[in-house]
Structures are given as structure tokens and as C-alpha cells.
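The next block holds one structure in the form of C-alpha cells; read it before the comments.
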Amino acid sequence: MVSHNETKEERDARMGWWREARFGMFIHWGVYAVPAGIYQDKQIDGIGEWIMNRAKIPVAEYIEYAKRFDPVKYDPDAWVHLAKEAGMKYLVITSKHHDGFALFDSKVTDWDVVDATPYGKDLLKPLAEACRKHGIKLGFYYSQAQDWRHPGGAAAGGHWDEAQEGSMDDYIRDIAVPQVREILTNYGPLAILWWDTPTDMNQERAEAFLPLLELQPGIITNNRLGGGVEGDFSTPEQHIPDTGIPGRDWEVCMTMNDTWGFKSWDDNWKSTQTLIHNLVDIASKGGNYLLNVGPTAEGEIPQPSIERLKEIGRWMQVNGEAIYDTQASPFQRPEWGRCTRKEQDGKTTLYLHVFDWPADGTLGVPVSNNVIACYLLADRSREFSTIQGKEGLTVQLTGDAPDTICSVVGLEIKGKPEVIQQDVEQTEEG
Ligand code: JFZ
């Protein structure tokens with residue numbers, strides 16, 4: 001997106017690592033982790049990072065929470081290690097969310113971790129170092145169009161306090177643009193800039209940011225800048241599009257419970273099975289999965305998130321080959337699960353992600369190609385025979401499913417997949 005006259009080849013090269021990565025960690029972290037979903041002894045409904053807006057907390061009162069934002073347990077190496085262990089290849093952290101609070105040392109405002117909290121240290125610097133050290137790509141989320149703390153920034157969210165009144169154009173010029181320059185300048189190479197809430201942006205406001213992207217050649221941006229700027233990828237949120245987004249790069253962002261920012265009382269955790277099935281489903285449609293964690297004000301990732309990420313990691317350790325650098329399924333969703341594929345050297349490997357290991361041991365695969373090999377990814381010595389018929393290939397499984405959540409069968413076929421026309425109507429899409 002950086003250069004308007006980028007060729008397709010240049011764009012493919014720039015997007016290459018991101019398309020291979022498939023799986024990343026989203027981190028929503030800020031002062032909202034102090035109230036953690038409770039205001040004046042009441043549980044406030046909705047996503048935790050919106051508590052200032054939902055409860056209409058006056059600015060002067062909200063900024064007091066910063067005095068209790070003291071993440072002494074923050075261990076960026078451990079966070080990066082956890083992301084890697086889960087099989088994630090990149091992470092995106094909220095450098096500033098809608099409450100306007102910067103996790104970095106901003107010279108533009110005192111509403112940042114260095115000036116407003118007892119902790120007093122830049123949180124992004126050590127994270128950037130940890131990412132570089134451990135080979136994880138780093139992205140920053142930045143809420144450019146919604147800022148409930150700085151005058152003029154609260155147009156989109158509505159305002160509830162005189163302190164928020166002001167000109168949005170002044171806010172963009174005096175706060176948002178200089179801060180984006182800071183995050184693109186002070187933290188070394190950045191892989192992703194993740195804008196948010198394009199409401200109230202227009203072409204002129206969006207264009208104020210675009211020259212800054214030259215500071216990070218190769219950076220990838222999402223589609224939430226606004227003002228008609230498409231960015232590099234689309235961002236379906238909390239749901240997986242039925243058939244992906246053909247012809248476009250896309251990334252589903254999703255919470256593990258029902259909030260992005262930490263809430264002390266949200267225990268509605270998705271199961272590891274759901275999370276792995278989501279990752280596989282998204283890969284089978286050609287997209288990326290950005291899975292969120294919301295650390296506490298002390299700097300800890302909640303234990304239920306850690307457990308799930310480790311379990312996903314154990315699955316990825318065995319089956320990652322069927323996720324990374326794969327492409328969407330060549331055929332519609334099969335009844336036994338999902339399919340991803342890799343084409344190279346005149347052959348295609350179809351990865352059959354079996355959610356439901358069939359009682360009769362047969363997997364229908366609607367392609368007419370000749371088979372080179374068929375085996376279990378978890379144990380290549382377990383080979384399976386296949387039968388060619390007019391509805392395609394039938395894999396004859398033997399033995400039990402090695403994984404109760406998703407067992408992957410590698411099916412290597414000659415050439416590109418020759419899909420047999422399916423006339424089944426898809427009613428329910430996962
Ligand atoms: C935004 C934020 O308001 C929210 O707090 C969180 O950071 C999330 C990742 O992004 O919320 C949105 C943004 C866009 C849509 C929905 C919620 N959308 O496009 O449907």
C-alpha cells in the first residue's frame with residue numbers, strides 16, 4: 001500500500017511473509033485493565049477496553065486509573081515465547097487504544113505510560129527487542145480516529161465530557177499524526193500498522209498519515225484507516241466469512257472470551273477445540289487468524305489464555321505444515337472437516353483436516369488426480385490406501401484418530417487439483 005505504483009510482483013513479495021504466517025497474536029492492553037470491567041461496583045457490559053465510553057466515565061476520573069497501572073510482572077520475553085510456542089508468527093499490540101493512552105513514551109502528550117503511571121517505562125521498546133531476538137514480526141495497532149482523552153478525538157465515539165470537545169482536524173494534526181510518526185520511528189523495523197475505527201475519517205485526514213508509511217518500507221497495513229484507503233488486507237471481526245474473501249488478503253481478529261481488553265469477570269472462554277477448528281477453517285479459506293489476549297494491569301496474560309495457547313501449540317507442533325504457507329481448499333467444505341493445500345514441483349499436497357474421524361473409515365475427496373502418497377501427518381508410517389472413482393478419491397483410513405480435535409491426513413497428488421464438480425448445496429458453513 002506504501003507505493004501507488006507497486007507491481008503485482010512487488011506486492012506479492014511484500015505480503016509474502018504475512019501470507020505464509022497464517023497465525024498471529026493480538027494484544028489489547030492499557031489502563032482499562034485497571035477497572036477490568038467494573039465501575040462504581042457495577043459490572044459494565046460489553047468489551048472491556050470500551051469501559052470509559054460505556055460507563056461515560058469523565059476524563060478527569062478515568063485518568064486516575066493510570067496511577068494503578070503498574071505492570072511489574074510484565075515479561076515481554078515470556079509473551080513472545082508464548083506466542084511462538086502457540087505457533088504464531090507475528091504479534092500486534094495496541095500502542096494506543098480509544099482511551100488515548102499510549103503504551104510508549106510519547107513526547108506529544110503526558111497521557112502515556114512514562115508520564116502517567118507509577119511504572120514509568122516504555123512498554124513497547126522491550127517488546128520490540130524481544131520480538132527481534134526471537135524472530136517474531138511486530139505490528140502496532142493505533143486508534144487514529146477515536147481518542148476519548150484528547151480534545152477533538154471523540155467525534156466517533158460520541159462525547160460525554162466537555163474536556164473532549166475540540167476539532168478533529170486539530171487532534172489529527174497535533175496528536176495522531178505525530179504519535180504515528182513516533183511509533184514508526186522509535187521501535188526499529190515494524191511489520192504491520194493496524195489502524196482502527198475509520199468512522200469520521202475522510203480523504204484529507206487519511207492522507208495526513210500516508211507519507212509516514214514511507215518511514216517503514218515494506219510495512220503492511222489493514223483496511224481501517226478510512227478516507228477511501230483500502231490498505232493491504234481486510235479485517236472481518238469475531239466471525240469467519242463463509243467463503244473467505246476471494247481476491248483479497250484477509251485476517252480474522254477474534255477474542256478468546258468476550259472481550260479484547262482484560263475484564264476480571266469474563267469467563268466465557270472458547271474451547272481449545274473451537275480455537276483450533278477456527279484456525280483450520282480460516283486457513284482452508286485462505287485467511288489469517290489474529291487471536292487476542294488481554295493482559296492484566298500487573299502485566300500478566302490470563303491463565304486460561306496461556307493454557308489454550310499452549311494446547312494450540314502442541315497441535316501446531318505436529319500439524320503446522322498443514323497451516324503455514326498453505327492455500328485455500330480447492331473444493332467446498334467436506335463433511336469430515338476442512339482442506340488446505342500446497343502446490344510445488346508438479347504435485348499438490350492436500351491436507352485433509354479431519355474433525356470427525358469417520359466410523360466407516362472413508363474420506364471422500366472430490367478430485368480426479370492420480371495419487372502419489374497418503375499418510376497421517378502425525379505419523380508418516382501410517383499410510384492409507386485410496387480408491388479412484390467417478391466421484392473422486394476415497395481415502396481408506398485405518399486405526400483410530402490420533403487427535404480428538406483435528407487429525408491431518410497428507411494426500412499427495414500429481415499436478416494441480418482436478419476438482420470434480422460438486423452439486424451439493426452448502427447450507428451450513430462453519
Ligand atoms: C474495534 C475496537 O473498537 C475494539 O475495541 C477492538 O479494538 C476491535 C479489534 O476493533 O472494534 C470494531 C472495529 C470494526 C468493526 C467492529 C468492531 N467492524 O468493522 O465490524
Side-chain angles (χ1 to χ4, degrees), residues 23-37 39 44-57 62 65 88 90-103 124 139-150 153-160 164 176 179-180 183 192-201 206 220-242 244-245 248-263 266 268 270 278 282 287-295 305:
F23 192 27
M25 175 182 278
F26 213 173
I27 304 176
H28 275 71
W29 197 28
V31 163
Y32 39 80
V34 173
Y39 178 60
I44 305 298
D45 282 336
I47 42 185
E49 72 283 5
W50 273 70
I51 191 166
M52 181 181 181
N53 183 304
R54 290 288 162 91
K56 304 297 174 226
I57 304 176
Y62 187 84
Y65 286 126
M88 293 159 156
Y90 60 106
L91 63 83
V92 178
I93 185 167
T94 51
S95 66
K96 181 196 90 166
H97 205 269
H98 308 331
D99 65 359
F101 177 78
L103 296 187
L124 301 185
F140 288 156
Y141 166 112
Y142 185 85
S143 175
Q144 81 285 3
Q146 193 163 194
D147 183 322
W148 306 322
R149 163 70 178 91
H150 297 103
H159 16 152
W160 53 93
Q164 297 166 322
Q179 283 196 326
V180 170
I183 60 173
I192 297 165
L193 186 54
W194 217 99
W195 307 108
D196 204 8
T197 60
T199 327
D200 289 319
M201 292 293 287
I220 292 172
T221 64
N222 73 353
N223 64 339
R224 294 189 184 182
L225 177 59
V229 178
E230 282 198 345
D232 296 308
F233 63 92
S234 295
T235 52
E237 174 165 322
Q238 299 285 39
H239 77 99
I240 303 171
D242 281 354
I245 308 180
R248 173 89 172 151
D249 290 296
W250 55 281
E251 172 190 74
V252 171
C253 55
M254 199 181 279
T255 52
M256 280 198 222
N257 50 359
D258 291 323
T259 183
W260 305 90
F262 179 68
K263 265 169 83 173
D266 184 337
N268 193 26
K270 294 175 181 73
N278 285 345
I282 291 166
N288 282 15
Y289 196 26
L290 188 66
L291 187 57
N292 185 72
V293 297
S305 301

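As the structure lists them, so they are numbered: ligands from 1, and atoms in each ligand from 1.
Sorted by chain and number, the heavy-atom contacts of ligand 1 below 4.0 Å come from Phe26, His28, Ile47, Glu49, Trp50, His97, His98, Tyr141, Asp196, Thr197, Arg224, Glu237, Trp260.
Applying the salt bridge (Lys or Arg N to Asp or Glu O under 4.0 Å) rule to Arg54 yields no partners; only residues at least two apart in sequence or on another chain are considered. Residues passing the side chain to side chain donor-acceptor pair (under 3.5 Å) test with Asn223 are Thr235, sequence neighbours excluded. For Asp196, the salt bridge (Lys or Arg N to Asp or Glu O under 4.0 Å) partners are Arg224, not counting sequence neighbours.
Inspection of the Thr199 and Gln146 side chains reveals no N or O donor paired with an N or O acceptor under 3.5 Å. Between the side chains of Asn268 and Asp258, a donor-acceptor pair is found at a separation under 3.5 Å.
Just one of Trp260, Tyr142, Tyr141 meets the side-chain contact (heavy atoms from CB on, under 4.5 Å) condition when paired with His97; it is Tyr141.
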